[in-house]
Enquirer: 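Sharing a structure with you now.
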Amino acid sequence: MSAAETTTAKVPPTRPSPTPRTGPEVPGKPARKPSAGGAAVPWALLAPCLLVIVLVMGYPLVRLVTLSFQSFGKSELWGFKEAEWVGLRNFTAILGDGEFWAVVVRTIVFTAGAVTLTMVLGMVIALLMQRVSGWVKALISIALVASWGMPIIVATAIFKWIFDTDYGVLNWLLSRLPGVEMAGHNWFASGPQGLAVIMLLVVWGAVPFVVITLSAGLTQVPKEMEEAARLDGAGAWGVFRWVTLPILKPILVMLTTLSVIWDMGVFPQVFVMRGGNPEAEFQLLTTYSYQKAFVVNDYSGGSAIALVTVLLLLGVVAVYMRQMLKIGEVE
């Protein structure tokens with residue numbers, strides 16, 4: 001035997017790699033392919049919900065669009081006259097009305113202020129809740145859920161008592177401060193001041209949902225990343241800016257969009273706070289549409305205003321969807 005034969009080892013032949021299987025094979029039967037009907041299962045599960053949405057929202061939306069292109073008043077409502085199609089005349093009338101644009105600007109300013117205050121307060125409270133003990137966090141959560149679950153009419157009645165001119169507890173408390181005399185102060189004497197009170201009511205009802213949602217999101221922030229940022233010299237703001245905020249961005253985008261939609265649709269707070277007849281300086285798009293339709297009996301004009309409001313909200317939804325798609329591409 002030569003030296004080459006003693007030092008060379010025989011390598012066993014390699015086996016061909018098995019072809020991937022799409023499913024379990026049964027002896028004597030061909031492999032099962034994925035079912036083509038599997039893609040229809042999610043739609044089948046969503047079908048009942050979609051059907052309810054179409055039934056509940058479909059007819060009112062179609063009726064809204066129809067009325068906005070007609071001349072529809074009391075005579076048409078009681079059947080004395082047939083509704084007349086007027087094309088874009090209702091939209092031309094409201095878009096050429098200076099009062100309508102004043103209401104639009106007031107609604108945008110009100111919504112921006114309420115959403116900003118809601119998100120800032122919600123974030124601050126959610127961050128502070130991460131730094132308290134468990135039982136304190138539980139008490140705060142109970143208080144938040146209780147305020148969130150309170151009916152809007154009850155909350156509005158409480159705020160009316162707090163800011164009442166003669167018996168309001170806020171005027172009484174402020175008058176106790178040295179050099180402050182607020183007895184008999186009317187918080188609704190001017191539109192901006194009264195809308196600020198209504199904005200506080202809206203924020204008070206919206207903050208609990210934001211706090212609870214952000215608190216759940218903060219539990220997903222890795223502690224290791226925060227610790228690494230601190231070791232790199234980042235302070236509390238740096239950790240929040242470069243670690244916490246990017247992780248919470250999808251939640252913040254969702255909450256901001258929902259808050260814009262809800263706050264643009266504010267109606268009972270303004271309506272009840274002003275005793276069912278809001279003055280001109282308190283009118284928002286929702287109350288202005290209601291006044292046109294059910295006070296002036298111009299149902300077509302009120303429908304046109306409501307349709308413009310819907311289109312504005314659809315623009316907000318489009319921005320939200322675009323932001324979510326961008327976030328999905330980055331991830």
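All figures in this text were calculated on a predicted structure; none of them were measured in a lab.
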Enquirer: Say whether Trp204 and Leu200 are linked into one hydrophobic cluster, either directly or through other cluster members, by side-chain heavy-atom distances under 4.5 angstrom.
Expert: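 As far as the 4.5 Å side-chain criterion goes, Leu200 and Trp204 are connected within one cluster.
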
Enquirer: Could you go step by step and tell me if Leu195 and Met199 meet the side-chain contact (heavy atoms from CB on, under 4.5 Å) rule?
Expert: CA-CA 6 Å; Leu195 284 176; Met199 185 186 299; 6.0 Å; no

Enquirer: Mind checking whether Val260 and Tyr320 have side chains closer than 4.5 Å, heavy atoms only?
Expert: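 No; the side chains remain at least 4.5 Å from each other.
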
Enquirer: Which heavy atom of Leu307 sits nearest to which heavy atom of Phe91, and what is that distance?
Expert: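 In terms of heavy atoms, the two residues are closest at CD2-CZ, 3.5 Å.
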
Enquirer: For a quick test of reading the model, state the closest non-hydrogen atom pair linking Lys137 to Val132 and the distance between them.
Expert: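 Heavy atoms of Lys137 and Val132 come nearest at N-CG2, 4.0 Å.
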
Enquirer: Going by the side-chain contact (heavy atoms from CB on, under 4.5 Å) test, name the single residue among Thr213, Val211, Ile212 that passes it with Ser215.
Expert: Val211

Enquirer: If we only count heavy atoms from C-beta on, is the Leu88 to Phe69 side-chain gap below 4.5 Å?
Expert: yes

Enquirer: Between Leu252 and Met123, is there a side-chain heavy-atom distance shorter than 4.5 Å?
Expert: yes

Enquirer: How far does CD of Glu279 sit from CZ of Phe188, to the nearest 0.5 angstrom?
Expert: 9.5 Å

Enquirer: Examine distances only and state if a side-chain atom of Arg230 and a backbone atom of Val239 form a donor-acceptor pair shorter than 3.5 Å.
Expert: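 No, Arg230 side chain to Val239 backbone: no donor-acceptor pair under 3.5 Å.
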
Enquirer: Taking atom CD of Glu76 and atom OG of Ser71, what is their separation to the nearest 0.5 Å?
Expert: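 If we round to the nearest 0.5 Å, Glu76:CD and Ser71:OG are 5.5 Å apart.
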
Enquirer: Apply the test side-chain contact (heavy atoms from CB on, under 4.5 Å) to residues Gln130 and Thr244: give CA-CA distance (whole Å), side-chain angles for both, the deciding distance (0.1 Å), then the verdict.
Expert: CA-CA 13 Å; Gln130 304 299 312; Thr244 307; over 6 Å; no

Enquirer: Hey, does the side chain of Asn297 reach the backbone of Lys74 with a donor-acceptor pair shorter than 3.5 angstrom?
Expert: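 Not confirmed, Asn297 side chain does not pair with Lys74 backbone.
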
Enquirer: Around atom CD of Glu82, are there more than 12 heavy atoms of other residues, nucleotides or ligands at under 6.0 Å?
Expert: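 Incorrect, the count does not exceed 12.
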
Enquirer: Under a 3.5 Å distance rule, please check whether Trp172 uses its side chain to pair with a backbone N or O of Tyr167 as donor and acceptor.
Expert: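 Not confirmed, Trp172 side chain does not pair with Tyr167 backbone.
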
Enquirer: Measuring from Gln193:CD to Asn186:CG, what's the distance to the nearest 0.5 Å?
Expert: 8.0 Å

Enquirer: Under a single-linkage definition using a 4.5 Å side-chain heavy-atom cutoff for Ile, Leu, Val, Met, Phe, Trp and Tyr, are Val207 and Val136 assigned to the same hydrophobic cluster?
Expert: yes

Enquirer: Any side-chain heavy-atom pair from Tyr288 and Glu99 closer than 4.5 angstrom?
Expert: yes

Enquirer: With distance as the sole test, does Ser68 use its side chain to make a donor-acceptor pair with the main-chain N or O of Ser303 at under 3.5 Å?
Expert: no

Enquirer: Under the side-chain contact (heavy atoms from CB on, under 4.5 Å) rule, what do Leu218 and Met129 come out as? Steps first, then yes or no, please.
Expert: CA-CA 10 Å; Leu218 286 171; Met129 285 180 63; over 6 Å; no

Enquirer: Taking side chain to side chain donor-acceptor pair (under 3.5 Å) as the test, write out the residues that go with Ser300, two or more places apart.
Expert: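 Partners of Ser300 under the side chain to side chain donor-acceptor pair (under 3.5 Å) test: Asp298.
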
Enquirer: Quick one: does any side-chain atom of Thr219 pair with a main-chain N or O of Ala216 as donor and acceptor, under 3.5 Å?
Expert: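 Present.
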
Enquirer: Kindly indicate, with the supporting measurements, whether the criterion side-chain contact (heavy atoms from CB on, under 4.5 Å) is fulfilled by Leu312 and Leu285.
Expert: CA-CA 11 Å; Leu312 290 175; Leu285 278 173; 4.0 Å; yes

Enquirer: Do Val103 and Thr287 touch side chain to side chain, with heavy atoms closer than 4.5 Å?
Expert: no

Enquirer: Are Val115 and Val210 connected in a single hydrophobic cluster, I mean Ile/Leu/Val/Met/Phe/Trp/Tyr linked by side-chain heavy atoms less than 4.5 Å apart?
Expert: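 Val210 clusters together with Val115.
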
Enquirer: Report yes if the side chains of Ile158 and Met150 come closer than 4.5 Å at any heavy-atom pair, otherwise no.
Expert: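 Result yes, sub-4.5 Å side-chain heavy-atom pair found.
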
Enquirer: Mind checking whether Pro222 and Ile247 have side chains closer than 4.5 Å, heavy atoms only?
Expert: yes

Enquirer: Treat each ILVMFWY residue as a node, draw an edge where side-chain heavy atoms are under 4.5 Å apart, and state whether Leu258 and Met321 are in one component.
Expert: yes

Enquirer: For Ala234, does its backbone N or O pair with a side-chain atom of Asp232 as donor and acceptor, under 3.5 Å?
Expert: no

Enquirer: Would you confirm whether Asn171, through its side chain, and Asp166, through its main-chain N or O, come within 3.5 Å as a donor-acceptor pair?
Expert: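 The answer is no, because no donor-acceptor pair under 3.5 Å joins these two groups.
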
Enquirer: Quick check: is Val197 connected to Leu174 through a chain of hydrophobic side chains (ILVMFWY, heavy atoms under 4.5 Å apart)?
Expert: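 Yes; tracing contacts between hydrophobic side chains, which count when under 4.5 Å, links both residues.
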
Enquirer: If you compare all heavy atoms of Ile261 against all heavy atoms of Leu313, which two are closest, and at what distance to 0.1 Å?
Expert: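 What the structure gives for the nearest pair is CA-CD2, 4.0 Å.
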
Enquirer: Of all heavy-atom pairs between Pro246 and Phe240, which one has the smallest distance, and what is that distance?
Expert: CD-O, 4.4 Å

Enquirer: Quick one: closest heavy-atom pair of Gln269 and Ile152, and the distance?
Expert: CD-CG2, 3.9 Å

Enquirer: How far does CG of Asn90 sit from CD1 of Ile305, to the nearest 0.5 angstrom?
Expert: 9.5 Å

Enquirer: Within the structure provided, determine whether Phe271 and Thr156 are in side-chain contact (heavy-atom separation under 4.5 Å).
Expert: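 Counting from C-beta outward, Phe271 and Thr156 never come under 4.5 Å.
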
Enquirer: Supply the atom-to-atom distance Thr111 OG1 to Leu284 CG, rounded to the nearest 0.5 angstrom.
Expert: 7.5 Å

Enquirer: Output the distance between atom CZ (Arg274) and atom CD1 (Ile198), rounded to the nearest 0.5 Å.
Expert: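 If we round to the nearest 0.5 Å, Arg274:CZ and Ile198:CD1 are 7.0 Å apart.
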
Enquirer: Would you say the side-chain atoms of Ser175 pair up with the backbone N or O of Met182, donor to acceptor, closer than 3.5 Å?
Expert: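 Between the backbone of Met182 and the side chain of Ser175 there is a qualifying donor-acceptor contact (under 3.5 Å).
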
Enquirer: Phe209 and Leu255: which non-hydrogen atoms are nearest, and at how many Å?
Expert: CE2-CD2, 3.4 Å

